[in-house]
Structures are given as structure tokens and as C-alpha cells.
**Student:** 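Below you will find the structure I want to go over with you.
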Amino acid sequence: MKRLPAIPPMIPALALTLVGLAAPAWAQEAPAPAAAAVAETVAPIVDKGDTTWMMVSAILVMMMTIPGLALFYGGLVRAKNMLSVLMQVFTVFCIMSLLWVCFGYSLAFTGAGSAEDATWLTPFIGGLSKAFLAGVNTGTLAETFTQNVFVPEYVFVIFQMAFACIAPALIVGATVERMKFSAILLFVVIWFFFSYLPMAHMVWWWGGPSAYDAPAGYLFGHGDLDFAGGTVIHINAGVAGLVAALVVGPRLGFGKELMAPHNLPFTLLGGCLLWIGWFGFNAGSNMEATGTAAMAILNTTVATSAAALAWAFGEWLFRGHPSLLGGVSGAIAGLVGITPAAGFVGPMGAIVIGLAAGFLCMWFVISLKGRLGIDESLDVFGIHGIGGIVGAILTGVFAAPSLGGSGVFDYATGAVAEGYSIAGQVATQALGVVVAVVWSGVVSFVALMIVKAVIGLRVAANDERQGLDVTVHGENAYNS
């Protein structure tokens with residue numbers, strides 16, 4: 001792996017491998033009393049403010065999935081399928097939290113400790129040295145983006161777990177009302193291991209400030225900027241949703257019967273919970289309670305507001321009315337768009353990203369998707385895929401210092417690197433987008449073929465017509 005003289009200052013918290021590297025302070029026990037005097041000049045700094053902020057952020061991100069995403073999706077389906085969607089999101093969250101602590105954390109955030117130890121797999125996936133959280137305890141530490149500043153490793157594990165839980169839960173929205181419960185669960189488990197974990201490793205794994213020139217993830221080594229998950233989570237899950245919708249096929253009566261949302265107040269409530277939780281998603285990815293975290297909160301607010309207005313006014317222009325569903329959908333598009341850029345761009349750049357994400361996602365959902373005839377039910381790709389692509393590309397534009405961005409931090413010199421190239425960074429961002437689209441697309445298709453061969457994908461036609469609440473779960477959301 002080539003030396004990395006210029007590393008972005010705030011790749012999200014997910015960016016830190018924090019384990020298994022050559023730097024002795026990277027994931028270590030607190031120094032024993034006998035060694036304290038020797039280590040006095042390099043004793044790791046563990047700030048309680050940073051630690052508290054990371055734990056609060058992790059809880060906010062968990063709230064995004066349960067109940068935020070569950071209510072957002074639940075309100076968008078027909079009443080006869082409300083509970084099925086809630087159960088899918090809830091169960092996926094539970095499964096992923098267990099898989100994360102058993103295998104996910106280790107596979108995403110461990111690797112070779114030096115160039116000599118690296119293999120051809122090192123840039124693409126980690127190892128199992130931390131499987132079942134081996135070696136992680138209340139005394140082990142994880143470095144932040146400031147050299148020699150740490151948080152407890154458990155805090156880092158918890159924060160990463162919240163991200164790992166919401167990514168596969170997003171996919172649920174693409175195949176609601178027709179896919180077997182067992183098929184969904186098996187599909188997202190395969191996708192988690194072969195798409196989410198490799199993408200997280202490729203984009204966010206590095207040596208940290210104390211070992212910035214150690215082996216790193218493939219896209220990180222190319223300088224890809226992803227502050228909080230534009231490629232790893234949103235493009236990754238969005239493409240998986242699109243592939244699943246195409247393979248599973250449309251709902252019975254699609255294009256002939258009315259399939260309107262049954263409870264838009266639930267969708268608004270879920271959307272607002274997502275927005276509030278997203279502050280932990282984006283600002284928590286700074287790993288420290290600093291001015292950059294505050295800027296990420298501001299950027300998350302203004303980009304989302306701009307996107308909500310862009311979608312609503314775009315509908316007003318093209319359809320003659322601004323809808324609540326459009327406004328909430330636009331807000332989610334803005335949240336997705338600003339995610340990779342939250343700590344790299346200034347507020348004015350964030351507004352432009354929000355406007356672009358809101359308008360382009362609206363155009364895809366209300367215009368292009370209909371022409372393509374795809375029953376991508378709750379617009380997982382239309383919002384998360386398209387919004388993630390827009391945000392990832394525009395991060396390369398508005399991270400430029402000349403446009404109010406942070407530039408790229410050079411850990412070799414301890415300062416922002418000079419000579420930022422917008423064209424060069426946009427090309428790098430485009431590489432990240434292409435890798436995410438192709439990787440997730442291939443993994444998703446193969447996973448669906450496996451699931452189809454083993455247990456099948458769709459429920460019986462009569463069960464689909466009656467509704468999955470009764471036929472799959474034996475209960476009703478509403479009793480008259």
C-alpha cells in the first residue's frame with residue numbers, strides 16, 4: 001500500500017480501524033501503574049465530553065431505525081401490511097446488532113498492522129482477530145481524529161453497531177408487501193457479510209492519526225471522502241433495494257390498483273425522528289465534541305431544509321400541488337445527500353447539495369421511475385441511491401477551501417494540504433460511487449439467487465392479496 005501523505009481530517013467515526021494495527025497505543029489497555037511514569041509524556045487522553053457525545057450519538061442513530069425508519073416505512077404501505085413492515089425493520093435491527101459484535105466489527109475494522117503483514121485482501125476486508133469482541137474491554141481505547149486523543153473502544157463498537165443496523169434495514173422498503181419474511185432476513189444477512197462489511201472496510205478503515213501511513217482500505221487509500229456513510233450505507237443499500245425490486249418483481253396489481261400510503265402522519269413522525277437522529281449520524285461521526293461536530297449539525301439542518309423545499313416546490317411546479325409526502329421525502333433525500341459531506345463542506349455548500357439532492361431525487365421518483373416501470377416500492381434507490389450519488393459527487397466540489405470547504409488534511413505536515421483539485425477529487429468520488437454500485441449490485445443479485453433457490457422469494461398470491469399482517473404474522477395493526 002502506498003504511503004498516504006494526505007488524509008481527510010474527518011472521515012467518519014466508521015473510518016477508524018482502531019484495532020489490530022502496529023501503533024501500540026491504537027487499541028490498548030490503560031497503562032499499568034508501574035509503567036505510568038515511563039508513558040507519562042504519551043499517555044492517551046480520554047475526554048469524557050467526547051465519550052459522552054459518542055454514546056449519545058449512537059443512541060440517536062439507533063432511534064433512526066427503531067422507531068424512526070419503522071414508522072416512516074409503515075405509514076407508506078397499505079394498512080394490511082403495516083405490522084409486517086414494522087416487524088421486518090425491528091427484526092433486522094436485532095439480527096444485525098448480534099452479527100456486529102460477533103463478526104462485523106472485526107471484519108470491518110481490523111487488518112494488517114504493517115505493510116509487511118498486508119495481503120491482497122487487506123484493502124477489501126478485515127480479519128477475525130476481534131471476533132466476538134476478543135480483546136475488547138472497558139480499558140481498551142480507540143483513537144479519534146486527533147493524535148493521542150481516544151474514546152473507550154466499547155463506545156466505538158456501539159456507534160458502529162448503530163450504523164450497521166440501519167443499513168440493511170433500509171433495503172426492506174424496496175420489497176414491502178410481497179417478499180417472504182424468511183427471505184428478507186436471509187437476504188440481508190448475506191448482504192451484510194458480503195457487501196456492507198467490505199464497503200465499510202474499503203472506505204473507512206485506516207491507521208488513524210498515529211499510523212496514517214499504515215495499510216488502509218482500498219477507497220480510503222485513493223482519498224475517497226465519506227464523512228458519515230454516503231457510499232457505505234446509502235448507495236450500498238439503495239442499489240441493493242433496486243436489485244431486489246427487479247428480481248422479486250412488482251406487487252400484484254401494480255400500475256392498476258391504488259397503492260397509496262395508509263397513514264401519512266406516521267410517515268411524518270418517522271421522518272422527523274430520522275432527521276433528529278441524523279444529527280448523531282453525521283455529527284457523531286466526527287468522534288469529538290468540537291466545532292466540526294457543530295458544523296455537521298448545522299449542515300445537516302440546512303441541507304435537509306433545502307431539499308424538503310426543493311422537492312415540495314418541484315412537485316408544485318410539475319404536478320400543481322406541494323404534498324406532505326413530497327416534503328418528507330425531500331427531507332430524507334437532503335439528509336442522505338449531506339451525509340458524505342457533513343464535516344467537509346461549509347453551510348452554503350450544504351444548501352446547494354440539499355437543493356440538488358431534493359430536486360434530482362424528486363425527478364427520479366415522480367418521473368423516471370414511472371417510465372421505467374419499476375415497483376421499487378418505497379423509493380429506497382430513488383432517495384438513498386440517487387441522493388447518495390449526488391452527495392458523494394458534490395462532496396468533491398464543495399470540500400474545496402475556495403468554496404468554503406475544509407480541504408484535505410495532511411497528517412504528514414499537520415496542516416490542510418495545498419492545491420486542492422476539484423476535478424481530481426470529483427474523479428476520486430466517482431470511483432467510490434462506481435465501486436459501491438457494482439459491488440452492491442453483484443452481491444445483491446447473487447444473494448437473491450441463493451435465497452430464491454433455497455426458500456423462494458415471494459409469498460403466495462392469496463397471502464399477498466389478503467395482506468402480510470394476517471397471513472405472515474397472525475395479527476392486525478388496526479381492529480375496528
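For clarity, every value in this text was computed on a predicted model and none was experimentally measured.
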**Student:** Are Glu143 and Glu153 close enough, and set up right, to give a side-chain contact (heavy atoms from CB on, under 4.5 Å), and what steps lead you there?
**Tutor:** CA-CA 8 Å; Glu143 195 172 15; Glu153 191 173 0; over 6 Å; no

**Student:** Between Asn299 (side chain) and Ala342 (backbone), is there a donor-acceptor pair under 3.5 Å?
**Tutor:**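 Indeed, once roles are kept as given, a pair shorter than 3.5 Å links the two residues.
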
**Student:** For the CD atom of Glu376 and the CG atom of Asp379, what is their distance to the nearest 0.5 Å?
**Tutor:**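 Output value for this atom pair is 5.5 Å.
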
**Student:** Under 3.5 Å, is there a donor-acceptor pair between the side chain of Asp226 and the main chain of Gly229?
**Tutor:**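 Present.
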
**Student:** With no hydrogens and no angle check, do the side chains of Thr51 and Asp47 hold a donor and an acceptor under 3.5 Å apart?
**Tutor:**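 Looking only at side-chain atoms, Asp47 and Thr51 do not form any donor-acceptor pair under 3.5 Å.
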
**Student:** Can you name the nearest heavy-atom pair linking Pro152 to Leu141, along with the distance?
**Tutor:**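 Closest heavy-atom pair between Pro152 and Leu141: CA-CD2, 4.2 Å.
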
**Student:** Could you tell me if the side chain of Ile45 sits less than 4.5 Å from the side chain of Phe150, heavy atoms only?
**Tutor:**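 They are not in side-chain contact.
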
**Student:** Quick check: do Thr301 and Phe279 have side-chain heavy atoms less than 4.5 Å from each other?
**Tutor:**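 Touching, per the 4.5 Å side-chain cut-off.
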
**Student:** Under 3.5 Å, side chain of Asn137 to main-chain N/O of Thr140, donor-acceptor pair present?
**Tutor:**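 Answer holds: yes.
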
**Student:** What is the distance from atom CG of Leu368 to atom SG of Cys361, rounded to the nearest 0.5 Å?
**Tutor:**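 Reported to 0.5 Å precision, the distance equals 12.0 Å.
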
**Student:** Which residues satisfy the salt bridge (Lys or Arg N to Asp or Glu O under 4.0 Å) test with Asp50, sequence neighbours excluded?
**Tutor:**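 Asp50 satisfies salt bridge (Lys or Arg N to Asp or Glu O under 4.0 Å) with no other residue.
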
**Student:** Taking the six-membered ring for Trp, are Trp206 and His222 closer than 6.0 Å centroid to centroid?
**Tutor:**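 Judged by ring-centre distance (under 6.0 Å), Trp206 and His222 do not meet the cut-off.
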
**Student:** Please answer whether the main-chain N or O of Ile297 pairs with a side-chain N or O of Asn282 as donor and acceptor at a distance below 3.5 Å.
**Tutor:**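 Judged by distance alone, no pair lies under 3.5 Å.
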
**Student:** Hey, can you pull the donor-acceptor pairs under 3.5 Å for the side chains in residues 424-437, sequence neighbours left out?
**Tutor:**
from, atom 1, to, atom 2, distance (Å)
Gln425, NE2, Gly223, O, 3.1
Gln425, NE2, Gln429, OE1, 2.9
Thr428, OG1, Gly424, O, 3.1
Gln429, OE1, Leu225, N, 2.8
Gln429, NE2, Leu225, O, 3.0
Gln429, NE2, Ala392, O, 2.9

**Student:** Give, for atom CZ of Phe187 and atom CZ of Phe192, the distance between the pair rounded to the nearest 0.5 Å.
**Tutor:**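 If I round to the nearest 0.5 Å, the distance is 14.0 Å.
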
**Student:** Is it the case that the side chain of Ser195 and the backbone of Trp191 share a donor-acceptor pair, with hydrogens and angles ignored and the cut-off at 3.5 Å?
**Tutor:**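 Checking the backbone N and O of Trp191 against the side chain of Ser195, no donor-acceptor pair under 3.5 Å is found.
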
**Student:** To the nearest 0.5 angstrom, please state how far the CD1 atom of Ile386 sits from the CG atom of Leu242.
**Tutor:**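 Atom-to-atom, Ile386:CD1 and Leu242:CG are 9.0 Å apart.
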
**Student:** Is it true that Phe156 and Phe109 have ring centroids separated by less than 6.0 Å?
**Tutor:**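 They qualify: ring centres under 6.0 Å apart.
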
**Student:** Just checking Phe445: does its CZ atom have more than 12 heavy atoms from other residues, nucleotides or ligands closer to it than 6.0 angstrom?
**Tutor:**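 Open: at most 12 neighbouring heavy atoms sit under 6.0 Å from CZ of Phe445.
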
**Student:** When you look at Leu197 and Trp100, which way does the side-chain contact (heavy atoms from CB on, under 4.5 Å) test go after all the steps?
**Tutor:** CA-CA 10 Å; Leu197 295 179; Trp100 180 254; 3.7 Å; yes

**Student:** Quick one: pull up CD1 in Ile158 and CE in Met62 and give me the separation to the nearest 0.5 Å.
**Tutor:**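 Ile158 atom CD1 to Met62 atom CE measures 6.5 Å (nearest 0.5 Å).
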
**Student:** For the residue pair Tyr105 and Leu99, establish whether any side-chain heavy-atom pair is separated by less than 4.5 Å.
**Tutor:**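 Sidechains of Leu99 and Tyr105: no contact.
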
**Student:** Nearest 0.5 angstrom please: Ser406 OG to Met295 CE, how far?
**Tutor:**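 Nearest 0.5 Å value for the OG-CE distance: 6.0 Å.
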
**Student:** Set out, in order, the CA-CA distance, both residues' side-chain angles and the distance that settles ring pair (Phe, Tyr, Trp, His ring centres under 6.0 Å) for Phe359 and Phe313, then state yes or no.
**Tutor:** CA-CA 9 Å; Phe359 190 84; Phe313 279 88; over 10 Å; no

**Student:** With heavy-atom distances below 4.5 Å as the criterion, would you say the side chains of Phe163 and Phe281 are in contact?
**Tutor:**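 Yes, close enough: below the 4.5 Å cut-off.
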
**Student:** Would you say the side-chain atoms of Ser444 pair up with the backbone N or O of Gly441, donor to acceptor, closer than 3.5 Å?
**Tutor:**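 Looks like no, no N/O pair under 3.5 Å.
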
**Student:** Under a 4.5 Å cut-off applied to non-hydrogen side-chain atoms, are Phe381 and Phe364 in contact?
**Tutor:**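 SC-SC contact between Phe381 and Phe364 confirmed.
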
**Student:** So, does His321 use its side chain to make a donor-acceptor pair with the main chain of Arg319 at under 3.5 Å?
**Tutor:**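 Yes.
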
**Student:** Tell me if a side-chain donor or acceptor on Tyr73 pairs with a main-chain N or O of Gly68 at a distance below 3.5 Å.
**Tutor:**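 No; judged by distance alone, with no hydrogens or angles, the pair does not exist.
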
**Student:** Do Ser305 and Trp275 have side-chain heavy atoms sitting under 4.5 Å apart?
**Tutor:**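 Ser305 vs Trp275: side chains touch.
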
**Student:** Please confirm whether the backbone N or O of Val61 pairs with a side-chain atom of Trp278, one donor and one acceptor, at under 3.5 Å?
**Tutor:**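 No, the answer is negative, given that no donor and acceptor are paired below the 3.5 Å cut-off.
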
**Student:** Report yes if the side chains of Ile383 and Ser329 come closer than 4.5 Å at any heavy-atom pair, otherwise no.
**Tutor:**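 Yes, their side chains come closer than 4.5 Å.
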
**Student:** Taking the six-membered ring for Trp, are Phe159 and Trp53 closer than 6.0 Å centroid to centroid?
**Tutor:**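 No, too far apart.
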
**Student:** Check for a donor-acceptor pair, side chain of His384 on one end and backbone N or O of Gly238 on the other, with a separation under 3.5 Å.
**Tutor:**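 Checking the backbone N and O of Gly238 against the side chain of His384, no donor-acceptor pair under 3.5 Å is found.
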
**Student:** For the pair Leu403 and Ile422, evaluate side-chain contact (heavy atoms from CB on, under 4.5 Å) and give the outcome as yes or no after the intermediate values.
**Tutor:** CA-CA 10 Å; Leu403 296 176; Ile422 292 178; 4.0 Å; yes

**Student:** Considering only heavy atoms from C-beta outward, does the side chain of Val189 approach that of Ile95 to under 4.5 Å?
**Tutor:**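 Val189 reaches Ile95 side chain to side chain.
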
**Student:** State whether the number of non-hydrogen atoms from other residues, nucleotides or ligands found under 6.0 Å of Phe194 atom CZ is greater than 12.
**Tutor:**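 No.
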
**Student:** Given side-chain contact (heavy atoms from CB on, under 4.5 Å), test Phe220 with Val203 step by step and report yes or no.
**Tutor:** CA-CA 5 Å; Phe220 190 95; Val203 175; over 6 Å; no

